[in-house]
Colleague: 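Structure provided below as structure tokens; questions to follow.
These figures come from a predicted structure and were not determined experimentally.
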Amino acid sequence: MNIFRLTGDLSHLAAIVILLLKIWKTRSCAGISGKSQLLFALVFTTRYLDLFTSFISLYNTSMKLIYIACSYATVYLIYMKFKATYDGNHDTFRVEFLVVPVGGLSFLVNHDFSPLEILWTFSIYLESVAILPQLFMISKTGEAETITTHYLFFLGLYRALYLVNWIWRFYFEGFFDLIAVVAGVVQTILYCDFFYLYITKGTSGCLLPALFLQPCVFRSSPAQHAPNLALAHKAKLVSGKHFNDCQIKFWVFSFFLCSFIVFL
């Protein structure tokens with residue numbers, strides 16, 4: 001395993017952990033697209049069915065189980081435990097426009113016409129567009145919480161690192177998977193606009209026109225956007241439970257440091 005794949009996996013895991021901690025600590029899933037999380041749960045379920053047929057390594061198996069467990073835990077928190085805070089009115093992306101074409105494409109373009117291979121291909125194609133409901137939700141509301149932007153940043157970083165991993169493997173191992181590479185490029189392109197917004201404006205709350213996203217504001221406190229004093233007071237109580245940037249950076253840095261110590 002090369003360093004790019006390892007850091008990519010850790011970035012992916014960091015994104016999932018940030019999202020789960022955000023929902024649990026704030027007791028709210030406001031600003032999170034439940035449809036994107038359902039798609040990611042479907043991605044991991046269809047991709048890792050080989051858990052029942054093959055064993056590659058303890059690391060590989062552990063990461064697969066963690067991804068599956070965390071994805072369903074996130075779905076449970078959004079649609080069950082904190083359902084009252086779920087903003088379904090803005091999470092309106094038509095996911096059937098993603099699932100149906102992806103399903104058809106996985107039957108037509110795959111490495112081998114077998115059930116497991118078709119499902120694996122389906123998961124690769126679906127992952128490349130699974131974030132669209134979340135980006136659409138941000139575009140529709142015109143704002144995103146700081147923690148949500150951190151989550152999206154690490155998801156995009158994971159995919160960008162995997163592109164470098166494929167380049168590394170092509171030059172040093174002679175390995176090349178056209179399906180995974182093309183899907184990865186598509187997914188990375190979807191994140192490029194968000195990367196620009198994240199890096200140039202960060203969490204300063206400034207507005208910026210974007211290619212895929214409409215002008216939006218990154219916010220860390222819902223109190224600033226409450227329509228009246230009563231809601232503002234309630235929002236302040238909620239915002240008191242939010243992470244601040246220093247806490248996020250500390251935990252992410254600690255997570256990566258500990259992971260490198262364990263794996264290296």
Side-chain angles (χ1 to χ4, degrees), residues 1-18 39-71 102-132 151-192 194-195 199 252-264:
M1 180 188 300
N2 62 69
I3 190 65
F4 301 109
R5 179 179 175 181
L6 176 60
T7 52
D9 287 343
L10 295 180
S11 295
H12 196 183
L13 189 56
I16 295 172
V17 170
I18 286 173
L39 292 179
F40 281 124
L42 181 59
V43 165
F44 295 135
T45 301
T46 54
R47 180 175 303 174
Y48 298 142
L49 290 174
D50 62 347
L51 281 169
F52 300 102
T53 60
S54 61
F55 177 82
I56 298 175
S57 67
L58 180 61
Y59 169 83
N60 184 275
T61 300
S62 299
M63 294 298 283
K64 289 178 180 180
L65 292 174
I66 290 172
Y67 288 150
I68 293 173
C70 288
S71 65
V102 162
L105 185 62
S106 63
F107 273 93
L108 296 174
V109 183
N110 52 65
H111 294 306
D112 179 51
F113 199 77
S114 63
L116 283 181
E117 187 63 31
I118 290 173
L119 288 172
W120 178 86
T121 306
F122 170 81
S123 75
I124 295 297
Y125 293 150
L126 184 60
E127 186 186 17
S128 68
V129 294
I131 199 61
L132 282 177
Y151 161 71
L152 290 173
F153 174 78
F154 278 100
L155 269 187
L157 181 61
Y158 138 70
R159 181 46 61 187
L161 287 168
Y162 253 66
L163 287 179
V164 181
N165 162 63
W166 289 324
I167 295 173
W168 175 279
R169 294 191 66 185
F170 176 75
Y171 278 102
F172 293 96
E173 302 176 15
F175 175 83
F176 182 75
D177 188 328
L178 183 61
I179 289 176
V181 170
V182 172
V185 169
V186 171
Q187 188 175 358
T188 305
I189 290 174
L190 292 178
Y191 283 101
C192 282
F194 173 80
F195 273 149
I199 294 172
V252 169
F253 175 78
S254 300
F255 171 78
F256 273 95
L257 181 61
C258 292
S259 298
F260 273 115
I261 291 174
V262 170
F263 289 113
L264 299 181

Colleague: If I compare all heavy atoms of L161 with all of S11, which pair ends up nearest, and what's the gap?
Modeller: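 Looks like CD1-OG, 3.6 Å.
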Colleague: Passes side-chain contact (heavy atoms from CB on, under 4.5 Å), L119 versus L49? Steps please.
Modeller: CA-CA 8 Å; L119 288 172; L49 290 174; 3.3 Å; yes
Colleague: About how many Å separate CD1 of I3 and CG of L6, when rounded to the nearest 0.5 Å?
Modeller: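 Going from CG on L6 over to CD1 on I3, the span is 5.0 Å.
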Colleague: With sequence neighbours left out, what residues match D177 under salt bridge (charged side-chain N to carboxylate O under 4.0 Å, His left out)?
Modeller: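 None.
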Colleague: Work out which heavy atom in Y191 is nearest to a heavy atom in L152; give both atom names and the distance.
Modeller: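 Result for this residue pair: CE2-O, 3.7 Å.
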Colleague: Apply the test side-chain contact (heavy atoms from CB on, under 4.5 Å) to residues Y162 and F4: give CA-CA distance (whole Å), side-chain angles for both, the deciding distance (0.1 Å), then the verdict.
Modeller: CA-CA 7 Å; Y162 253 66; F4 301 109; over 6 Å; no
Colleague: Looking only at heavy atoms, what is the nearest atom pair of A183 and S128, with distance?
Modeller: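 Here A183 and S128 meet closest at O-CB, 3.2 Å.
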Colleague: Heavy-atom count around F107 CZ within 6.0 Å, excluding the residue itself: above 12?
Modeller: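 No.
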Colleague: Any chance you could measure E117, atom CD, to H111, atom NE2, to the nearest 0.5 Å?
Modeller: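 One finds 6.0 Å between CD of E117 and NE2 of H111.
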Colleague: Quick one: does R159's side chain have a donor or acceptor within less than 3.5 Å of a partner on T188's backbone?
Modeller: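 The answer is no, because no donor-acceptor pair under 3.5 Å joins these two groups.
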Colleague: Between atom CD1 of I66 and atom SG of C70, what is the distance when rounded to the nearest 0.5 Å?
Modeller: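 Result: 6.5 Å between the selected atoms.
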Colleague: Which residues pass the side chain to side chain donor-acceptor pair (under 3.5 Å) test with T121, sequence neighbours left out?
Modeller: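 Not a single residue meets the side chain to side chain donor-acceptor pair (under 3.5 Å) criterion with T121.
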Colleague: For atom CZ of F52, is the number of surrounding heavy atoms from other residues, nucleotides or ligands below 6.0 Å larger than 12?
Modeller: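 Incorrect, the count does not exceed 12.
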Colleague: Do you know the tightest heavy-atom contact between L39 and L126?
Modeller: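 So the minimum-distance heavy-atom pair works out to O-CD2, 3.9 Å.
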Colleague: What distance do I16 atom CD1 and Y67 atom OH have between them, rounded to the nearest 0.5 Å?
Modeller: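 Answer for the CD1-OH pair, I16 versus Y67, is 6.0 Å.
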Colleague: Looking at side-chain heavy atoms only, is the closest gap between T46 and W120 below 4.5 Å?
Modeller: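 T46 does not reach W120 side chain to side chain.
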Colleague: Which heavy atom in E127 sits nearest to a heavy atom in V43, and how many Å separate them?
Modeller: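 Smallest interatomic distance, heavy atoms only, reads N-CG2, 3.7 Å.
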Colleague: Distance-only criterion, 3.5 Å: show the donor-acceptor pairs between side-chain atoms of residues 163-173 and protein atoms not counting sequence neighbours.
Modeller:
from	atom 1	to	atom 2	distance (Å)
N165	OD1	N2	ND2	2.7
R169	NE	E173	OE1	3.0

Colleague: Show your reasoning for whether side-chain contact (heavy atoms from CB on, under 4.5 Å) applies to I179 and Y125.
Modeller: CA-CA 8 Å; I179 289 176; Y125 293 150; 3.6 Å; yes
Colleague: Let's go through L65 and Y48 carefully: what are the C-alpha distance in whole Å and the side-chain angles of both, what is the deciding distance for side-chain contact (heavy atoms from CB on, under 4.5 Å) to 0.1 Å, and is it a yes or a no?
Modeller: CA-CA 8 Å; L65 292 174; Y48 298 142; over 6 Å; no
Colleague: Would you name the heavy atoms of N110 and S106 that are closest together and state the gap between them?
Modeller: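 Between these two residues, the closest heavy atoms are ND2-O, 2.8 Å.
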Colleague: Roughly how far, to the nearest 0.5 Å, is CZ of F44 from OG of S71?
Modeller: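 Nearest 0.5 Å value for the OG-CZ distance: 6.0 Å.
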Colleague: Any non-hydrogen side-chain atom of M63 less than 4.5 Å from a side-chain atom of L13?
Modeller: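 M63 reaches L13 side chain to side chain.
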Colleague: Rounded to the nearest 0.5 Å, what separation is found between the CG atom of L51 and the CG atom of N60?
Modeller: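 Answer rounded to 0.5 Å: 8.0 Å.
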Colleague: Specify whether H12 and Y158 have parallel, tilted or perpendicular ring planes, treating 30° as the upper limit for parallel and 60° as the lower limit for perpendicular.
Modeller: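 The arrangement is parallel - the two ring planes meet at less than 30°.
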